[in-house]
Amino acid sequence: MNQQTRNIVTGAACVAVVAAVLAYEVVATRPVRQAVQAYSELVTVANRPDLSKADRLEAARPYFSARYLAAHTLETAGEGGIVGLPRYINKNFQAWREGPAVWLCPSNRVGPVYQLVKERGRWKFDGLVGILRSRNVLVPATDMPE
């Protein structure tokens with residue numbers, strides 16, 4: 001095998017490895033990306049100024065899990081948005097898989113952490129799971145005072 005053939009084979013092998021790693025990364029991060037997209041859509045719908053309060057709640061209802069809707073009544077907040085849902089997502093947000101769910105901290109890496117679950121093929125908001133403190137210490141919602 002001459003040098004040119006060896007270079008072509010080496011280059012092809014490198015491209016194949018990079019393509020395999022990229023494919024794995026795309027597949028492995030898909031649930032987190034889909035959950036963040038669903039959360040972003042929910043925040044957008046909840047903050048739409050062109051909809052009445054009732055229309056906003058009705059448009060947002062499909063983005064909430066059945067468990068959340070059974071435990072909470074959806075209400076619009078006085079300053080806009082929906083009660084219990086932050087009005088924005090920070091550019092430095094954090095999201096990760098936690099078992100079958102995705103947890104999302106929409107603030108600047110510290111603050112409330114919300115859970116999104118997959119129901120009927122769609123990612124849905126399932127409520128507060130805790131508060132993320134500095135150094136990635138999570139205080140579960142069950143341990144917080146009312």
Side-chain angles (χ1 to χ4, degrees), residues 7-146:
N7 289 344
I8 291 172
V9 170
T10 302
C14 289
V15 168
V17 168
V18 168
V21 168
L22 181 62
Y24 171 77
E25 187 70 20
V26 167
V27 170
T29 61
R30 181 179 290 147
V32 174
R33 289 182 288 114
Q34 289 175 338
V36 170
Q37 180 181 358
Y39 179 80
S40 179
E41 289 172 4
L42 170 59
V43 169
T44 300
V45 167
N47 293 319
R48 282 188 56 186
D50 61 322
L51 295 177
S52 68
K53 290 180 179 185
D55 288 341
R56 255 189 293 146
L57 292 176
E58 205 50 45
R61 190 172 302 283
Y63 291 95
F64 290 94
S65 70
R67 188 186 75 77
Y68 185 87
L69 291 173
H72 300 86
T73 303
L74 292 184
E75 300 174 24
T76 55
E79 67 279 355
I82 295 177
V83 173
L85 182 69
R87 296 207 51 207
Y88 71 96
I89 185 166
N90 189 287
K91 67 180 181 176
N92 294 323
F93 75 92
Q94 193 170 335
W96 65 96
R97 290 293 301 258
E98 192 67 35
V102 170
W103 287 7
L104 177 107
C105 179
S107 56
N108 193 4
R109 301 188 184 268
V110 293
V113 176
Y114 300 99
Q115 176 170 274
L116 289 102
V117 294
K118 198 158 193 174
E119 274 184 10
R120 292 184 234 132
R122 235 178 124 172
W123 286 97
K124 298 187 177 201
F125 183 83
D126 198 44
L128 181 72
V129 292
I131 302 291
L132 190 61
R133 300 286 184 209
S134 61
R135 298 189 180 118
N136 283 337
V137 174
L138 182 74
V139 178
T142 54
D143 295 349
M144 292 187 298
E146 288 300 318

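Computed from a prediction, not measured in an experiment: that's the story for all the values here.
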Check whether any side-chain heavy atom of Val102 lies under 4.5 Å from a side-chain heavy atom of Tyr39, and answer yes or no. no

Closest contact, heavy atoms only, Ile82 versus Ala60: CD1-CB, 3.5 Å

If we ignore hydrogens and angles and just use 3.5 Å, is the side chain of Ser40 paired with the main-chain N or O of Val36 as donor and acceptor? no

May I ask you to decide if Ala66's main-chain N or O and Glu119's side chain share a donor-acceptor pair within less than 3.5 Å? yes

Heavy-atom check, side chain of Asn136 versus side chain of Gln94, under 4.5 Å: yes

Which pair of non-hydrogen atoms, one from Pro62 and one from Arg122, has the smallest distance, and what is that distance? CB-NH1, 3.8 Å

Applying ring pair (Phe, Tyr, Trp, His ring centres under 6.0 Å), which residue pairs with at least one partner in residues 42-67 are found, sequence neighbours left out? Phe64-Tyr68, Phe64-Phe125

Atom pair CZ (Arg67) and CG (Asp126), whose distance is rounded to the nearest 0.5 Å: 4.0 Å

Show your reasoning for whether side-chain contact (heavy atoms from CB on, under 4.5 Å) applies to Val139 and Arg133. CA-CA 7 Å; Val139 178; Arg133 300 286 184 209; 3.9 Å; yes

Those residues at least two apart in sequence (or on a different chain) that pass salt bridge (charged side-chain N to carboxylate O under 4.0 Å, His left out) with Glu58 are Arg61

Where do Ser107 and Asn90 come nearest, in terms of heavy atoms and distance? C-CB, 3.7 Å

About how many Å separate SG of Cys105 and CZ of Phe93, when rounded to the nearest 0.5 Å? 10.5 Å

Quiz question: by atom type and distance under 3.5 Å, do the side chains of Arg87 and Asn47 form a donor-acceptor pair? yes

Rounded to the nearest 0.5 Å, what separation is found between the CG atom of Leu128 and the NE2 atom of His72? 8.5 Å

Identified side-chain contact (heavy atoms from CB on, under 4.5 Å) counterpart of Val113 within the set Leu104, Val129, Ile131: Val129

Once you round to the nearest 0.5 Å, how far does CG of Leu57 lie from CG of Leu51? 10.0 Å

Spacing of Lys53 atom NZ and Glu75 atom CD [to the nearest 0.5 Å]: 10.5 Å

Contact between Ser65 and Gln115 at the side-chain level, heavy atoms closer than 4.5 Å - yes or no? no

Any Trp103 side-chain heavy atom under 4.5 Å of Leu138 side chain: yes

Begin from the C-alpha positions of Leu85 and Leu42 and carry the test side-chain contact (heavy atoms from CB on, under 4.5 Å) through to its verdict. CA-CA 9 Å; Leu85 182 69; Leu42 170 59; 3.7 Å; yes

Contact summary for Tyr114 and Gly84, nearest pair of heavy atoms: CE2-O, 3.9 Å

